[in-house]
Amino acid sequence: MTRKMLATIFVCSAFLILRSEKPGLTQTATDVDRKLTGILGQFDRADWESRAQSFYDLFTIAVPGGLGGRTTLIPSALSSLSRQDPERKGQMSLALIRLLEKENAVSHSPINPASEEYSNYRGDLIATVAALKDKRGLNSLLDNILTGNLAVRGLAALGRDSLGRILEIASANTPETGEEMARRTAAARVLSRMLDPDIVQLDETSRNAIKVGLLHASRDEASWVRLSAIEGLSRIPDPDVTVTLRSLAERDPFSRLDPTGHTSYPVRDAARKALAGRAAPTTK
Amino acid sequence: MKTLLRSALVFGFVTAGGWFTFAHLISTNKQRVPDRLFAQTSMPKPVVTPPTAQRIFATLPAGDWWDGELVLNNNSPNQTEITSTFYSEGTAADGARVSLQPSEVRWVKLSELSAPTGKSVTRQDSLELQYLGHMLEVGAQITLLQDGGAGFADIPFSGESEYHSPILEGVWPAPLGSEAHVSISNSSDKYVTVSVQQAGKDEIVEFGPHASQTLTIETSRVDAAHSVGSMTIDSRGPIGAIRATGFVELGQRPISGIRFYDPSVARQTSLFATNLDLERTVPIMVLKNTTSNSISAIATFVPFSSEFASLTLPAVSLNSREAKVVNLRPLLEAASARGKELSQVSVKVSSSGQAGSLIGELAIARADGSFVSDIPLRDSGPVRKATGSYPWRLDGDYNTIVTVTNVIDSVAKFQAWINYPGGSYQFTARELQAGETATFDLRKLRDLGVKDVKGHSLPTYVLGGQFRWSIAQGGGETKLNGRAEIASVKANRRSSYSCEVCCPNSFMYGSLVANSLSMEVGDTSATTVWGSYQDCYGSYIGDYSTYPTTWSIQYPSIMNAWTVTTGQASAQGLAGGTSNFDGDWTDDIYLHPDAESCNIQEVAAYAAGQVQSGCSNTEKDSLIQEYRNYSLTQPHCADFTQTRRSTYFSFGEINTGDYSWALVRDPLPPGLDSWLTNYGSSRIINSSYRNPVRNAAVGGAFSPPSRHMYGDAADFRNSAGNVNNAEYWAMVTAASNASADYIEDPTLACHYACVHADWRGHTGGY
């Protein structure tokens, strides 16, 4: 046997040794794929307990021991799942969005379980779909616009994909019920969050549309909506916005007793705060 | 904290000019060893008797040697004064005195030692060394040197107590034309009559006090067909008085040393040798049946690695008192075919006779036929043979290889360490499978900077020292066979050293490095398990990792403990509370190092510790237990608060659980205040923090777990119930503006009776 042949055998052996460690990784990837397939298939189950169980099982692939109440781990867990099985990323996202759509329908139907377990599960599911930043999840998140910051942030993160629908809601001329007021307030909050570059980066056209929407919201009859709009307006340095903020700071009529029993003007206070924040650049 | 002042170890320090000394006081701040609560036993202590006068003796064979190099190896923790007496034609003359520092190894030219006698060393018949101490506390061996400095023959020293009978047996290879030179000395001051039986002849020789005689046996007088020579020496006089040594020459070149054995000292029927290099050398094995019955012998060669198969040669039949050369051709052919597998082997020669029925010699020659050295082929002997104390040197091109072989059919453990001028080096405790050999290449060890258990390496300036090893937890069995081979190509020397000390190391006490463990329920802490040992001269040797086989736990409901691997254990808190525990194993104490058996006593050794599991607070412990009972993510002790509040809500309003402690996550207090401020008037919290039992009582969620149990949720009461939904939606909007992450839909649990908001998506702890 020649030295060259021996060298070849050695190199091949070394390669095989290295490859022999690969099956471990390949096996793991296969395992992940098999688990994902099984879990996503369970999302169609009729009983919500099975769906919830499958939903939480999904995270056990990425987080040893599962979420265990740690909702803050959801974004990194989703990233990990996508890395482990990139080919199923799209399928997984869509399955999760469909799952939230299903639960949205359930919560407004007679079979709504109305239990804290179910509510809790829905909260984590909203957090998950929000973290996907997938425009296919727009409708399912819009259905949850009243459920707080997770949905608001998720909608804001969709940027241009959600902007039109949000502007529609923010400027809706709907009956003045508490729920509609809450919806317009939430929409104004979404618009405000869209101006946060940590959440989404938008083009000038979109930013102008947001400005128009927020200026409209600043004139809403509901003080909550005006308050939410001020948060976003404070991020827009334009002179016409400054004029609006000054007007709100000086003349907004909304007053109430604060928890200490004193009369306060929350909208005026918020506008003043926003103006104070932009004082330095304005005087330059 | 108790400081254990360990014994002072004093080492020699070598410089270019020689040795000088310094005291190396090892004082270690060790954590207090907790008292053991189970099976209280008072640990026996080895009895180190007062030092007595010790004499070791070597015959200096007549031959073509020019000088000798004596290596002195002090195993004592004390400075040892050695006096030397040379005997020539029965007349004693004092040689030079040597003072050895503790653990010092010193190489001395024989001519320098002999100088005060006024006689050339080549005219001396024997040498006796005296010191005050204990058996084998000083080891010595001479390498006779030819003109030019080449090694000629190794002459070991022995003490009287190493002999049990008047018989000495020797066997050697005797190719045609060779001459064997056997020197017999009377080490006593009594007259001794000796019967020398050799080649069918029985010769009576009278030895006066300290007299010596050299017999030259030409091969022509031996049966040349057998190529083997042998001799039996039977003396009438004090046991151990007669010593003998010799060498075989062929064409004035040494081809083998000759060693004599007292067969009655043997404990096992088999003979062993270690570190046989079949790649560069050719072995010659000779065997002798020392009994009047026929026996058979089977030689098995075992590769150093237990992965490779051993090789057993056909049985050799030996008639009454017959000596034979063993045909090693099958071995050499196998070594050639199997390459590296059989390049280094140990040897086991089993005898069908009783212990001592077989003696042997293993001479090693180079491929060109020149003599290299001889390797002792001996039974593993009394338990003290399961120890070793060897000199080592790395000056010039010298190297030292130490090998320790497991000669039994089950696992054996040993401890090894090095003393060198200025320090010590401690190997990890080793475990050898049946037949496996541990090899220590001292030059590689130094030059590669291999770290010891304490992270130290041998300094590059160190040129030599002392290598020590001892069987561990051997239960009185010898099990191991070791030797050192010191070789120099330039000096043309190769010597074998297989000196032992008085007894194996004795267990002193066990300890857990982390013995006071504080952990939360469910948490696991690792700790290291040590056994501390002393040698048979009372020197503290070191701490070696050990393997507790069982664990005793005071309160098993509070904690658990287990052995992970040798030296590593883990403890886990199971419930709040404090529990003592200890890891238990069987260890050995050699009570009387001067006794032949060393008086081994197996003791129940232990390393004790204490675990404080939980929060040192019964309420918190109960709370955490609730989380465990419901299989919820377990909070930490420090997560609970009794004071945390927001500006507008007191701790009492937030804590709607059953305890005075609650979990309140960082985002909750500012969230509640913002919620209330946005809403604009006071609100009642229906429920905020709930401990798991409370959560169960109110029908709260467990799968997935309610946010109320993690302290980032609150339910604000809707005072108007479901009548005034303006109030409800105002609260929802206020919560949304307070950045609540999740606000429950009115179709869900609270309906319009309350608004549930939580800050689950916010980061922040407790």
Side-chain angles (χ1 to χ4, degrees), chain A residues 49 52-53 55-56 65-72 74-75 104 107-109 112-124 126-127 130-131 144-153 177-183 185-186 189 222 224-225 227-228 231 256-261 264 266, chain B residues 631-634 647-648 671 673 676-683 695 698-710 712-713 715 724-751 756-764:
Chain A
E49 289 93 343
Q53 183 61 51
F55 168 73
Y56 286 106
L67 290 180
R70 295 165 294 179
T71 306
T72 49
I74 286 174
N104 290 342
S107 66
H108 293 99
S109 74
N112 177 4
S115 65
E116 195 191 7
E117 270 96 351
Y118 185 70
S119 171
N120 213 3
Y121 151 59
R122 274 201 65 195
D124 286 339
I126 292 165
N144 287 289
I145 196 169
L146 295 177
T147 64
N149 193 47
L150 290 168
V152 164
R153 200 179 163 91
T177 63
E179 184 172 352
E180 289 312 316
M181 175 271 296
R183 199 177 306 281
T185 305
R189 281 178 58 75
W224 296 108
V225 181
L227 265 172
S228 293
E231 184 193 334
R256 69 179 177 203
L257 293 176
D258 68 16
T260 60
S264 67
Chain B
S631 303
L632 298 166
T633 301
Q634 188 183 309
T647 303
Y648 300 119
D673 285 342
L676 187 72
T677 309
N678 286 333
Y679 183 74
S681 65
S682 63
R683 292 284 87 186
N695 189 57
V698 301
F702 281 95
S703 179
S706 168
R707 302 307 312 178
H708 290 278
M709 293 188 288
Y710 291 106
D712 58 21
D715 300 340
N724 179 3
N725 76 14
E727 180 187 353
Y728 177 87
W729 285 111
M731 282 200 290
V732 167
T733 309
S736 180
N737 279 13
S739 288
D741 290 312
Y742 178 63
I743 304 159
E744 198 173 80
D745 190 282
T747 61
L748 295 172
C750 258
H751 298 291
H756 166 99
D758 65 56
W759 282 261
R760 68 178 70 186
H762 278 64
T763 55

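Letters A, B, ... are given to chains in the order of the sequence lines, protein chains preceding strands, and every chain is numbered from 1.
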Could you walk me through whether Arg122(A) and Tyr742(B) pass side-chain contact (heavy atoms from CB on, under 4.5 Å), step by step? CA-CA 9 Å; Arg122(A) 274 201 65 195; Tyr742(B) 178 63; 4.0 Å; yes

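Of the listed residues (Met181(A), Arg70(A), Arg183(A), Arg153(A)), the greatest number of heavy-atom pairs within a distance under 4.5 Å of chain B belongs to Met181(A). Ranked by heavy-atom pairs under 4.5 Å with chain B, the list Gly123(A), Ala182(A), Pro266(A) is led by Gly123(A). In terms of heavy-atom pairs under 4.5 angstrom with chain A, the leader among Ala738(B), Ala735(B), Pro705(B) is Pro705(B). Between chain A and the residues Asn737(B), Thr647(B), Leu632(B), Thr633(B), the most heavy-atom pairs under 4.5 angstrom are made by Asn737(B). In terms of heavy-atom pairs under 4.5 Å with chain B, the best-connected choice from Pro113(A), Ala127(A), Ser119(A) is Ser119(A).
Interatomic distance, CZ of Phe702(B) versus CE of Met709(B), reported as 4.5 Å (0.5 Å rounding). To the nearest 0.5 angstrom, Glu49(A) atom CD is 10.0 Å from Gln53(A) atom CD.
Side-chain polar atoms of Asp745(B) and Ser107(A) form no donor-acceptor pair below 3.5 angstrom.
Looking at Ala740(B), only its backbone comes within 4.5 Å of chain A, counting heavy atoms on both sides. Proximity to chain A is absent for every atom of Asp715(B), based on heavy atoms less than 4.5 angstrom apart. Interface remark: Tyr56(A) contributes side-chain atoms only to the contact with chain B (heavy atom separation under 4.5 Å). Interface residue His762(B): backbone and side-chain heavy atoms are both found under 4.5 Å from chain A. Residue contact with chain B, scored on non-hydrogen atoms closer than 4.5 Å, involves the side chain of Ile126(A) exclusively. Both the backbone and the side chain of Ala734(B) come within contact range of chain A, each with at least one heavy atom under 4.5 Å from a heavy atom of that chain. For Asn120(A), the parts lying near chain B are the backbone and the side chain together; criterion is any non-hydrogen pair under 4.5 Å. For Ser115(A), the part sitting under 4.5 Å from any heavy atom of chain B is the backbone (N, CA, C, O) and nothing else. Neither the backbone nor the side chain of Asn144(A) comes within less than 4.5 Å of any heavy atom in chain B.
Judged as a salt bridge (Lys or Arg N to Asp or Glu O under 4.0 Å), and not counting sequence neighbours, the contacts of Glu231(A) are Arg189(A), Arg193(A). Asp712(B) is linked by a salt bridge (Lys or Arg N to Asp or Glu O under 4.0 Å) to Arg665(B), Arg707(B), counting only residues two or more places apart in sequence or in another chain.
Of the possible donor and acceptor atoms, none in the side chain of Ser736(B) sits under 3.5 Å from a partner among the backbone N and O of Val732(B).
The nearest pair of heavy atoms linking Arg760(B) to Asp741(B) is N-OD2, 3.4 Å.
At a threshold of 4.5 Å between non-hydrogen side-chain atoms, the residues Glu179(A) and Asn725(B) do not count as touching.
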